[in-house]
Amino acid sequence: MLSYGPATGVGCCCVADPEPRPRGETVDVFVDRIAAAISGKTGVAASEVAPLIQTSNNPERGDLALACFALAGKAGTPGKDAAMALAQTLVGLSIEEVEVSAAGPFVNFKLAPAAIANDVLSRVWNQSPYGASDEGAGQTVVIDFSSPNIAKPFHLGHLRSTVIGWSLRQIYRALGYEVVGVNHLGDWGTQFGFMITAWKRWGDEAMPRIEAGERDVDVFVDLYVKINELAKKDPGVREEARSWFAKLEAGDEEALKLWSFFVERSKVEFQRIYDILGIEHESERGEAFYNDKMPATVEKLKASGLLVEGMTQRETALSKLERAEQKLEKSELELKQTEGKLADESLKDKARKKLSKRQGKLQGELPKLVKTVERAREAVPADEDGLRPQGVDLGEGMGFAILIKVNGGTTYTTRDVTAAYYRAETYSPSKVLYVVGQDQRDHFLPWFKILEAMGETWAKGFSHIGFGKYKGMSTRQGTAVFLDEVLEKARARAAEAAAAATKKVELSEEEREQVAQAIGTGAIKFFDLKADRQKDIDIVVGPEDARVIDWDRLLNLKGDSGPYLQFAHARLAGILAKAPEGSAPSLDAIDFELLGESETLALIKVMGEFLPKIRQAAEQNEPSVISRYVLDLAAKTHQFLAHQRVLTPIPQEGVDTEALARARLFLVACSKKTIAEALDLLGIEALEKM
RNA sequence: GGGCUCGUAGCUCAAUGGAUAGAGCAUCGGCCUUCUAAGCCGACGGUUUCGGGUUCGAAUCCCGACGGGCUCACCA
């Protein structure tokens with residue numbers, strides 16, 4: 001359902017110029033017509049009436065609806081009775097191509113089917129691409145997405161940022177914005193100290209593995225895991241890594257050589273994955289790019305006067321310990337009290353059940369809390385060094401953001417602030433979006449605030465586009481999966497399903513392979529994009545000791561899935577391919593009166609909602625708006641195809657069968673175009689055959 | 001303890017403050033001699049976690065309780 005009111009809601013109740021409705025929606029012309037008629041009858045300005053008119057949620061009742069409560073108020077007499085009376089009055093209106101009826105305080109408007117069909121389909125046919133607009137023209141959006149870390153695996157979690165970011169890129173482009181997709185590669189940081197240390201140690205055995213054809217990144221990951229395990233047991237390793245990173249920062253030749261080796265080899269692997277996913281970036285300036293720009297940021301920060309001294313390491317550790325102890329104490333006390341209450345024999349069953357549940361929870365929690373306290377205690381340094389980092393105190397709720405460490409080094413935050421300045425200066429963007437996991441929210445918000453505090457007006461265009469994580473991924477339990485494995489499994493399963501399905505189309509061996517790949521990746525992408533991006537995805541099932549990935553759900557090929565969408569498109573393509581010579585669809589000589597069946601009209605109406613959906617997706621930075629839209633579009637397509645024959649309609653009394661076939665073929669062409677363009681916004685390939 | 005976020009059908013999710021809360025999966029039953037059955041049609045399935053409040057009208061807004069998830073200082 002669409003709302004035609006201004007997004008803010010301001011200006012509804014006063015005569016002052018109402019915000020113009022975004023144009024380009026199919027029913028606009030009808031809304032205007034209806035609003036004008038109502039205005040004539042009630043005396044309320046048409047511009048105030050229009051926002052009250054909404055798309056109906058039930059096609060049986062009509063296409064547009066008006067709840068009369070607010071209108072009655074504007075007309076002078078508020079209340080339910082006045083609304084009912086008003087509805088009765090409005091039924092008498094005579095509006096061109098609109099049928100008016102009332103149901104209690106609601107007025108329903110049924111639009112002439114042929115008028116809708118004409119309006120929507122002409123628009124679909126004439127616009128290229130359909131759904132595109134120029135409302136973002138002249139504005140730039142920078143989208144930081146994917147951004148994997150060098151020498152670490154590309155796993156399922158990275159997929160989310162990649163796929164969501166790409167979809168947002170497509171959505172903003174459709175609205176006419178200039179989009180700069182940035183891959184902010186994690187190509188700098190202490191992990192390289194560890195990697196170099198590992199390579200010095202085991203490079204002699206690692207290199208032959210790579211030369212033997214093993215994937216570079218897999219070897220790197222092995223080394224990274226191995227050196228971290230060693231570092232846990234041997235503090236000397238940590239020291240060694242730290243000094244290697246220091247050398248790297250100082251420009252040591254050997255360190256730099258190894259660093260660029262890791263970076264280059266990893267990039268090749270990332271590129272391989274991006275090729276499969278069909279994704280690219282406009283900029284690949286990673287963290288290392290900002291190395292020489294950091295001092296300028298530090299200067300700016302110092303000049304701003306915002307920097308203050310923070311707590312020492314010992315002070316921090318102590319407050320952490322205190323917090324852990326308090327929590328433990330509280331839980332112990334509550335457990336004791338709960339046990340006391342449970343000992344009371346006169347307790348009611350219901351209360352007893354609730355209490356024992358609470359008891360179980362506390363009992364399970366306690367050992368963990370004890371461990372937390374122990375760990376916190378161990379982490380407290382023996383003596384106070386008095387050294388204080390510098391940062392910005394953001395006050396209540398936000399805490400203290402460290403920008404300069406006690407050793408004079410900079411932090412992640414300092415680097416992001418540096419990158420922010422660079423992006424603001426280079427692109428003059430109206431928006432900068434960071435497509436990064438929801439769990440990093442508390443990292444982004446503070447430094448956005450720092451930018452504002454520094455007086456940078458462009459900072460208000462910065463947003464963190466957070467997303468939920470794949471839950472239950474654990475290397476230890478074997479439930480952490482690399483993206484590679486997922487894509488391969490998906491491809492294999494798509495191939496398997498194709499072999500098992502009843503197919504009426506012939507595909508060459510090569511086509512079959514391509515289709516399996518496209519369906520597999522499409523399925524994975526759609527699974528990732530279909531729900532609200534902030535929701536966690538729990539894909540691991542099974543009992544505590546036997547957790548497994550629920551592949552059936554992840555690689556679902558039926559129902560609300562990627563293949564469902566692709567199949568709708570392929571069916572339409574198949575019909576167009578079978579259309580006889582010389583009958584290419586065209587807007588000329590289409591009799592829109594012939595497209596009036598409920599399934600047909602339903603499909604047409606959904607097609608008309610495309611642009612408002614794109615707009616909504618951009619406003620909310622939410623690709624799932626498009627996901628649900630394409631799902632609806634595909635469902636209506638499948639329903640239409642199941643009920644109406646396109647090329648050879650069943651002859652009907654008084655209907656020109658040829659004209660009917662022509663109108664339906666035209667609809668098929670429009671529908672195919674819309675699905676293809678909607679899929680493109682999600683980064684999912686539309687298939688001609690499958 | 002602070003901050004954020006979520007709670008809707010057995011499961012996964014929808015629903016601009018509007019009318020009878022909708023899909024998919026799962027279960028059960030139909031439909032390939034008609035353009036692709038990865039599809040269509042039907043049945044079953046709900047005290048929208050609970051309690052208050054605002055409103056003509058609440059899954060939606062406000063307050064509270066309960067229950068998940070994430071996060072809280074020098075790793076990125």
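Side-chain atoms are counted along with the backbone in the values below, which use heavy atoms only and exclude waters and symmetry mates.
- Once rounded to the nearest 0.5 Å, the distance linking CG of Asp632(A) with NZ of Lys613(A) reads 8.0 Å.
- By the criterion of a centre-to-centre distance under 5.5 Å and near-parallel planes under 30°, the ring of Tyr564(A) forms no stack with the base of A38(B).
- Among the atoms of the strands shown, none is found under 4.0 Å from any heavy atom of Arg415(A).
- Pair assignment for U36(B) gives none, since no Watson-Crick or G-U wobble pairing has each distance under 3.5 Å.
- Centre separation under 5.5 Å together with a plane angle under 30° does not hold for the ring of Phe106(A) and the six-membered base ring of G18(B), so they are not marked as stacked.
- Taking only side-chain nitrogens and oxygens, Lys503(A) comes nearer than 4.0 Å to OP1 or OP2 of A38(B).
- Among the nucleotides U36(B), A19(B), C25(B), the one closest to the side chain of Ala570(A) is U36(B).
- Between U36(B) and Lys578(A), a contact under 4.0 Å exists linking OP1 or OP2 to a side-chain N or O.
- Ala498(A) comes within 4.0 angstrom of a base, heavy atoms only.
- Across all strands shown, Gln639(A) has heavy atoms under 4.0 Å from sugar-phosphate atoms exclusively, and none from any base.
- Remark: Lys330(A) is in phosphate contact with G1(B), judged by side-chain N or O atoms under 4.0 Å from OP1 or OP2.
- Pairing partner, A43(B): U27(B), with both Watson-Crick or wobble hydrogen-bond distances short of 3.5 Å.
- Under the Watson-Crick or G-U wobble criterion, with both distances below 3.5 Å, G1(B) is paired with C72(B).
- The separation between Gln326(A) atom CD and C72(B) atom P is 18 Å, rounded to whole Å.
- Close placement of the Tyr564(A) and His638(A) rings is indicated, their centers lying within 6.0 Å of each other.
- Dashed line: the shortest gap from a side-chain N or O of Arg571(A) to OP1 or OP2 of A38(B) is not under 4.0 Å.
- OP1 or OP2 of C40(B) has not a single side-chain nitrogen or oxygen of Lys558(A) nearer than 4.0 Å.
- Counting any heavy atom pair closer than 4.0 Å across all strands shown, Met690(A) reaches a base atom.
- As judged by a 4.0 angstrom heavy-atom cut-off over every strand, Asp416(A) is placed among residues making no nucleic acid contact.
- Among the nucleotides U12(B), C40(B), G24(B), the one closest to the side chain of Ala642(A) is C40(B).
- As rounded to whole Å, 19 Å separates atom P of G57(B) from atom CG of Asn57(A).
- A heavy atom lying under 4.0 Å from RNA chain B marks the following residues of residues 622-635 of chain A, by number: Arg628(A).
- Base pairing annotation: A21(B) forms no Watson-Crick or G-U wobble pair, as no partner gives both donor-acceptor distances under 3.5 Å.
- Look at Lys504(A) and you'll find a side-chain N or O under 4.0 angstrom from OP1 or OP2 of A37(B).
- Residue Glu688(A) is in base contact, counting any heavy-atom pair closer than 4.0 Å across all strands shown.
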